[in-house]
Amino acid sequence: MSSPTLDRVVDAVFRVDTKFDFKFVSESGQLWLNSVNSTTAAGNFLDLLHPDDINPFKSRVTDDPDSFACDVRIKKADGDCWVNIRGYQLPAANQYVICLIDISAWKADDGVHRYAAEHDELTGLPNRAFLKKLVDDLIKTAKHPFFVAMLDLDGFKKVNDTLGHSMGDAVLVETAKRLLKVMGPQDTLARLGGDEFVMVFCTHDAVVTKGLANDVLQAVARPYDTAPHSAYLGVSIGIAEYPTQGQTYSALLKNADTAMYQSKNAGKNRITIFSPTEDSEDFSIKSAIHKGIQEGEFFLVYQPQFDMNRKVIGAEALMRWTSRIFGTVGPDKFIPITEESGLMPFLGKWALRYACHQLKQFQQLMPEFVMSVNVSPVQFDCDDFDVMVLDAIVEAGVDPVKVVLEITESTLMQSQLKTQSALTTLREQGVRFSIDDFGTGFSSLAYLTSLPVSSIKIDKKFVTAIENEALACSTDKKLITAMISLAHSIDLKVLAEGVETEAQFAYLGASGCDYIQGYLLGKPISAQMVMALLESQMERTL
Ligand code: C2E
Ligand code: CA
Ligand code: CA
């Protein structure tokens, strides 16, 4: 019996006529039949089946001759064995193609659950878990190259958004059927989720693979009758070859993904073979950010801000990303790439909306709570930045006065008239602005008075210098006092960030600093932990 460790993708392929009489049995099919002690002598596929499974199987075929799938039992002298059947009609020949995988070991080994865990519910295709096992296994036994193709539909989001999810599902099922017809019996098609599919082509030949990928383009290009008005879709494909373009499952998938993203960037609906480039690491991070945004891999944590009596006054929302490909990636790495790739307005808007909704919840425990949100300079390049901010505030139902936008000195220095008018509009509505990393940029005092700024955040660099006796540091220390008195003289509040020690806290207090933020009193934490912190603060003040 074939082992369920997937040493072969498909155990047998048959072609039968409409009465299920055998017309063709693949070589592997013959071997498999021998191994289960069955023969095709009877001449009819139904003769192989357990009597109870014949009618269910036939009704699956009649229900959906274009793509049927089910699990049935095959009669054997020493007991039955389970197989998974997948098949489709060949209308021209009035025949069906039946592909069969032996799953008896899965069934025995709590198999039903295992099968479900390794298959996608919507399309019945293998899922990510199955794919990984399959590729790992192919790598172990590989004697020749094989190809991993990443497929991502173009225009699918529009189908989902305009025609609804059930229509989207129907399109995915139809896509799966079309793709199954393109591939050979030794190839595998898996669905990773959403509109993302992976095909593993077991051919040795790059030219053949490219030909198959071309067939995929053609198959998807046909109008989709499942959706009204015959929706048209495309597919962007990226291919990586084992072993030259990846020697592990994750390397192959990552490189195929990078190539797929290059197809998208080059105008979609095309095939790209992976070729390593210098910035390929960044490139694939970009594609991962793109997907991460859609798949909810980003989240916010909140670092509490305190007054000099150590009472919480608000928090700064800080973005975090747990990527399924790269693991945890810090904002210092992903924010610059997001900015450069043009995705920052989108991600920044998400952060602001999310933070405003969270603010609403925090205010149920502490109405005067203030939420600070970082704004990247590139967000100001959008025409409707002020509208976007006000929409987020109105949508969450919070008071604009309780929202502080943190912007850097360079944003202000380079600000155009457009930025300045957006800042003024927002300030008129009550939104406040704070200058982040104050003192590290090209500080100019002029803008502090001419623009609607409410506070400055003294950079951690100065705070760290407090306990350091070195000469340069003692200058930084003096600068803290100077910055605080300067800010106060023009009615700005001062928050010091990166406060890690009691000595720093004491020095800042003595210098007249208004608020502090730093590991000494609070690291960035989850929203639930902020709620707990506010509750304990309320209890203490009661
Ligand atoms: P930032 O705005 O200056 O944020 C303060 C950073 O200092 C945060 O790092 C915070 O975790 C860290 N920090 C706070 N207190 C201490 C301390 O006592 N000691 C030390 N060593 N570090 C402390 P994080 O979260 O890694 O963020 C880094 C930068 O990424 C932020 O610097 C900000 O420029 C950017 N960023 C984070 N979230 C967002 C966002 O939602 N939008 C934008 N545009 N940028 C963001
Ligand atoms: Ca900040
Ligand atoms: Ca800062």
Side-chain angles (χ1 to χ4, degrees), residues 289 292-293 297-306 310 312 314-322 328-359 370-382 385 388-389 392 403-412 432-441 443 453-467 483 494-505 507-508 513 515-527 529-530:
I289 290 174
I293 295 175
E297 290 175 358
F298 287 85
F299 59 101
L300 295 179
V301 290
Y302 307 88
Q303 186 173 28
Q305 298 173 329
F306 299 84
R310 304 178 188 236
V312 177
E316 175 181 6
L318 293 161
M319 222 182 277
R320 293 289 177 266
W321 180 30
T322 308
T328 305
V329 187
D332 289 335
K333 170 121 187 160
F334 73 76
I335 298 266
I337 299 172
T338 311
E339 285 173 340
E340 185 206 320
S341 65
L343 290 168
M344 197 61 215
F346 187 48
L347 190 60
K349 178 179 171 181
W350 168 83
L352 185 72
R353 288 181 61 208
Y354 203 97
C356 286
H357 280 285
Q358 195 55 63
L359 171 61
V370 173
M371 182 72 86
S372 295
V373 184
N374 291 285
V375 176
S376 146
V378 302
Q379 289 178 260
F380 285 100
D381 293 338
C382 303
F385 177 73
M388 184 279 286
V389 173
V403 176
V404 172
L405 300 182
E406 295 194 1
I407 51 184
T408 57
E409 286 174 303
S410 52
T411 308
L412 277 187
R432 284 180 285 166
F433 293 92
S434 181
I435 312 288
D436 206 354
D437 307 339
F438 188 82
T440 57
S443 308
V453 172
S454 309
S455 56
I456 59 169
K457 290 186 81 169
I458 296 183
D459 192 70
K460 178 173 182 298
K461 160 177 178 263
F462 299 97
V463 175
T464 311
I466 289 174
E467 288 151 290
M483 284 191 273
V494 179
L495 181 147
E497 59 181 341
V499 179
E500 290 181 348
T501 66
E502 288 293 349
Q504 293 165 355
F505 184 86
Y507 183 85
L508 289 161
C513 184
Y515 309 113
I516 72 132
Q517 177 182 341
Y519 293 176
L520 172 68
L521 296 186
K523 289 193 169 175
I525 49 178
S526 67
M529 287 167 82
V530 175

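Computed from a predicted structure; not experimentally measured. Read the numbers this way: they start at 1 and go in the same order the structure lists the ligands and their atoms. In what follows, every heavy atom counts, from backbone to side chain, and hydrogens, waters and symmetry copies are set aside. For reference, positions follow the sequence shown, starting with 1.
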* Protein residue, atom and distance nearest to atom 31 (C) of ligand 1, heavy-atom basis -> Leu318 CD2, 4.4 Å
* To do: For ligand 1, note which part of Lys457 has a heavy atom under 4.0 Å away: side chain, backbone, both or neither.
  => neither
* **Heteroatom of Asp437 nearest to the Ca ion (ligand 3) (N, O or S, atom name)** => OD1
* To do: Work out whether the distance between some heavy atom of Gly330 and some atom of ligand 1 is less than 4.0 Å.
  => no
* To do: Show your working on side-chain contact (heavy atoms from CB on, under 4.5 Å) between Asn374 and Glu406 and close with a plain yes or no.
  => CA-CA 5 Å; Asn374 291 285; Glu406 295 194 1; 3.2 Å; yes
* Contact atoms of ligand 1, heavy-atom distance to Ser376 under 4.0 Å -> 44 (N)
* Report yes or no: does Ser372 have an N/O/S atom closer than 3.0 Å to the Ca ion (ligand 2)? => no
* ligand 1 contact on Leu300 by region, counting heavy-atom pairs under 4.0 Å -> neither
* Asked: Going by atom types alone, do Gln303 and Glu316 pair a side-chain donor with an acceptor below 3.5 Å?
  -> no
* **Glu497: numbered ligand 1 atoms lying under 4.0 Å from its heavy atoms** => 3 (O), 5 (C)
* To do: Report, in ascending order of atom number, the atoms of ligand 1 lying under 4.0 Å from any heavy atom of Val499.
  => 18 (O)
* Asked: the Ca ion (ligand 2) as vertex, arms to OE2 of Glu316 and OE1 of Glu406: angle to 10°?
  -> 90°
* Asked: Taking side chain as C-beta onward, heavy atoms only, is Leu405 less than 4.5 Å from Leu352?
  -> yes
* Shortest protein contact, atom 18 (O) of ligand 1 (heavy atom only) -> Tyr519 N, 2.8 Å
* Could you tell me whether Gln517 approaches ligand 1 through its side chain, its backbone, both or neither, with non-hydrogen atoms closer than 4.0 Å? => neither
* To do: Begin from the C-alpha positions of Trp350 and Leu300 and carry the test side-chain contact (heavy atoms from CB on, under 4.5 Å) through to its verdict.
  => CA-CA 10 Å; Trp350 168 83; Leu300 295 179; 4.0 Å; yes
* For atom 7 (O) of ligand 1, decide whether some protein heavy-atom distance is shorter than 4.0 Å. => no
* Quick one: does Thr322's side chain get under 4.5 Å of Glu297's, heavy atoms only? -> no
* To do: Please write down residue, atom name and distance for the protein heavy atom closest to atom 26 (O) of ligand 1.
  => Pro331 CG, 3.4 Å
* Closest contact, heavy atoms only, Ala355 versus Val373 -> CB-CG2, 3.7 Å
* To do: Write the atom name of the N, O or S atom in Glu497 that is nearest the Ca ion (ligand 3).
  => OE2
* Structure fact -> of all protein heavy atoms, closest to atom 28 (C) of ligand 1 is Asp332 OD1, 3.3 Å
* **Heavy atom of the protein closest to atom 46 (C) of ligand 1 (residue, atom name, distance)** => Ile335 CD1, 3.6 Å
* Asked: What do the steps show when you test Gln504 against Leu520 for side-chain contact (heavy atoms from CB on, under 4.5 Å), and what is the final call?
  -> CA-CA 9 Å; Gln504 293 165 355; Leu520 172 68; over 6 Å; no
* Structure fact -> For Tyr302 and Gln358, the nearest pair of non-hydrogen atoms, with its separation, is OH-CG, 3.2 Å
* **Atoms in ligand 1 with a heavy atom of Glu316 nearer than 4.0 Å** => 2 (O), 4 (O)
* Asked: Do the side chains of Pro345 and Phe380 get nearer than 4.5 Å, heavy atoms only?
  -> no
* Asked: Hey, which atoms in ligand 1 end up nearer than 4.0 Å to a heavy atom of Lys460?
  -> 19 (N), 20 (C), 21 (N), 22 (N)
* Which pair of heavy atoms, one from Leu347 and one from Ile293, lies closest together, and at what distance? -> CD1-CG1, 3.8 Å
* **Best match, Thr338, Val378, Asp436: closest heavy atom to atom 2 (O) of ligand 1** => Asp436
* Tell me which part of Asn374 gets within contact of ligand 1: side chain, backbone, both or neither, using heavy atoms under 4.0 Å. => both
* **Identity and distance of the protein heavy atom lying nearest atom 3 (O) of ligand 1** => Asp437 OD1, 3.3 Å
* **CA sep, side-chain torsions, deciding dist, call: Gln517, Glu497, side-chain hydrogen bond (donor to acceptor under 3.5 Å, both in side chains)** => CA-CA 5 Å; Gln517 177 182 341; Glu497 59 181 341; 4.7 Å; no
* Asked: Under the 4.0 Å line, does any protein heavy atom show up next to atom 34 (O) of ligand 1?
  -> no
* Can you say whether the rings of Phe298 and Trp321 are parallel (under 30°), tilted (30 to 60°) or perpendicular (over 60°)? -> parallel
* Asked: Which protein non-hydrogen atom lies closest to atom 19 (N) of ligand 1, naming both residue and atom, and how far is it?
  -> Glu500 OE2, 2.5 Å
* Asked: How does Pro524 reach ligand 1, if at all, at less than 4.0 Å between non-hydrogen atoms: by side chain, backbone, both, or neither?
  -> side chain
* Heavy atom under 4.0 Å from ligand 1: found in Val301's side chain, backbone, both, or neither? -> neither
* Numbering as shown, the atoms of ligand 1 that approach Met344 to under 4.0 Å (heavy-atom distance) -> 44 (N)
* Asked: Should Leu508 and Phe505 count as side-chain neighbours, where that means a heavy-atom distance under 4.5 Å?
  -> no
* Structure fact -> All heavy atoms of Ala496 vs all of Val463, minimum pair found to be CB-CG2, 4.0 Å
* Which pair of heavy atoms, one from Gly522 and one from Phe306, lies closest together, and at what distance? -> N-CE1, 4.1 Å
* Asked: Just wondering, are more than 12 heavy atoms of other shown residues or ligands nearer than 6.0 Å to CZ in Arg320?
  -> yes
* In ligand 1, which numbered atoms sit nearer than 4.0 Å to a non-hydrogen atom of Gly518? -> 15 (N), 18 (O)
* Asked: Between the Ca ion (ligand 3) and Asp459, is there an N, O or S atom separated by less than 3.0 Å?
  -> no
* Asked: What is the nearest protein non-hydrogen atom to atom 38 (N) of ligand 1, stated with its residue, atom name and distance?
  -> Met319 N, 3.0 Å
* To do: Check whether any side-chain heavy atom of Glu409 lies under 4.5 Å from a side-chain heavy atom of Asp437, and answer yes or no.
  => no
* Does atom CE of Met529 have more than 12 heavy-atom neighbours from other groups under 6.0 Å away? -> no
* Asked: Between Arg320 and ligand 1, which residue portion shows a heavy-atom distance shorter than 4.0 Å: side chain, backbone, both, or neither?
  -> side chain
* With the Ca ion (ligand 2) as the reference point, give the N/O/S atom of Asp436 that is nearest. => OD2
